[in-house]
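For reference, the structure discussed in these notes is given below.
Each ligand, and each atom within it, is numbered from 1 in the order the structure gives.
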Amino acid sequence: MSRRRESWRKKRSVRRESRKVINVPGYKIGGILYSAEEISKKVKELGRQISEDYRGKKITVVGILKGSFVFMADLIRAIDAEIEVDFMEASSYGDSTKSSGNVKIRKDMDSSPVGKNILIVEDIIDTGNTLKYLRDTYLAGKNPESVKIVTMLDKPARRTAEIEADYTGFSIEDLFVIGYGLDYAQKFRELPYIAYLEKEE
Ligand code: IMP
Ligand code: MG
């Protein structure tokens, strides 16, 4: 890449990252955890690993709405395999920063999971309640060939359900994070980086 183009790219990403006004009463942005570049590198690594593990198999990639859609869009383009895409929506946080523990299916897969190699895509595993229910109670009863989980982020400190992802991007501390698909009250999903919110003193 030419020098001019590189410096333009740098300026542009700085502008994009500072453009956003964090307007949540009582909260401020605490800091950026992972930049767009770091995320992109990690997604490519995950894609390579998944391609190797599923060599010769068709993968049904199932995104858990809404948080996973940004990660999923990047991930499927980093996987070298035959892919089919589907989505599910489960109830989660509502508009607060605490998990309810109560899981409901709001939207089921359009296709049948029977006999398929299902790769569930999550944005973040927190208590683990959502995935525990989806994988071990819901999908397990529908005879898929296999079910694996890939998550961009993992917050192991808050786990109450016994569940682990097969592929994890980054393991993080107990922070409330936003960006790259993750929201606070439906805001900030469009940020190209992952940041954390801090309570204002
Ligand atoms: P779990 O059932 O407690 O594991 O909750 C998982 C879901 O809660 C994720 O798919 C997210 O939608 C949401 N969630 C958990 N932690 C965060 C966070 O730090 N920021 C934004 N959403 C989160
Ligand atoms: Mg979610």
Close approach of Gly67 to ligand 1, heavy atoms, under 4.0 angstrom: no
Is the shortest side-chain heavy-atom distance between Val121 and Ile76 below 4.5 Å? no
Heavy-atom distances under 4.0 Å are what count here, so tell me which part of Lys155 touches ligand 1: side chain, backbone, both or neither. side chain
Note: ligand 1 atoms sitting under 4.0 Å from heavy atoms of Asp183 are 21 (C)
Considering residues, nucleotides and ligands other than Glu164, do more than 12 of their heavy atoms fall under 6.0 Å from its CD? no
Under 4.0 Å to a heavy atom of Asp123 - the qualifying atoms of ligand 1, by number: 9 (C), 10 (O), 11 (C), 12 (O)
Return yes when Leu175 approaches ligand 1 closer than 4.0 angstrom through a heavy atom, no otherwise. yes
Would Lys148 pass as a cation-pi partner of Tyr54, given that its NZ or CZ must be under 6.0 Å from the six-membered ring centre and within 45 degrees of the axis? yes
Axial cation check for Tyr138 ring with Lys142, 6.0 Å and 45° limits: yes
Residue Glu122 vicinity, atoms of ligand 1 by number, heavy atom under 4.0 Å: 10 (O)
When you measure from the side chain of Ser35 to the backbone N and O of Glu38, does any donor-acceptor pair fall under 3.5 Å? yes
State whether the number of non-hydrogen atoms from other residues, nucleotides or ligands found under 6.0 Å of Glu198 atom CD is greater than 12. yes
Among Thr130, Asp126, Ile194, Ile124, closest by heavy atom to atom 14 (N) of ligand 1 is Ile124
So is Phe176 polar-close to ligand 1, meaning N/O to N/O under 3.5 Å? no
What about the rings of Tyr180 and Tyr193, do their centers lie closer together than 6.0 Å? no
Is there any N or O on Ile125 that sits under 3.5 Å from an N or O of ligand 1? no
Does Thr127 approach ligand 1 within less than 4.0 angstrom via side chain, backbone, both or neither, non-hydrogen atoms only? both
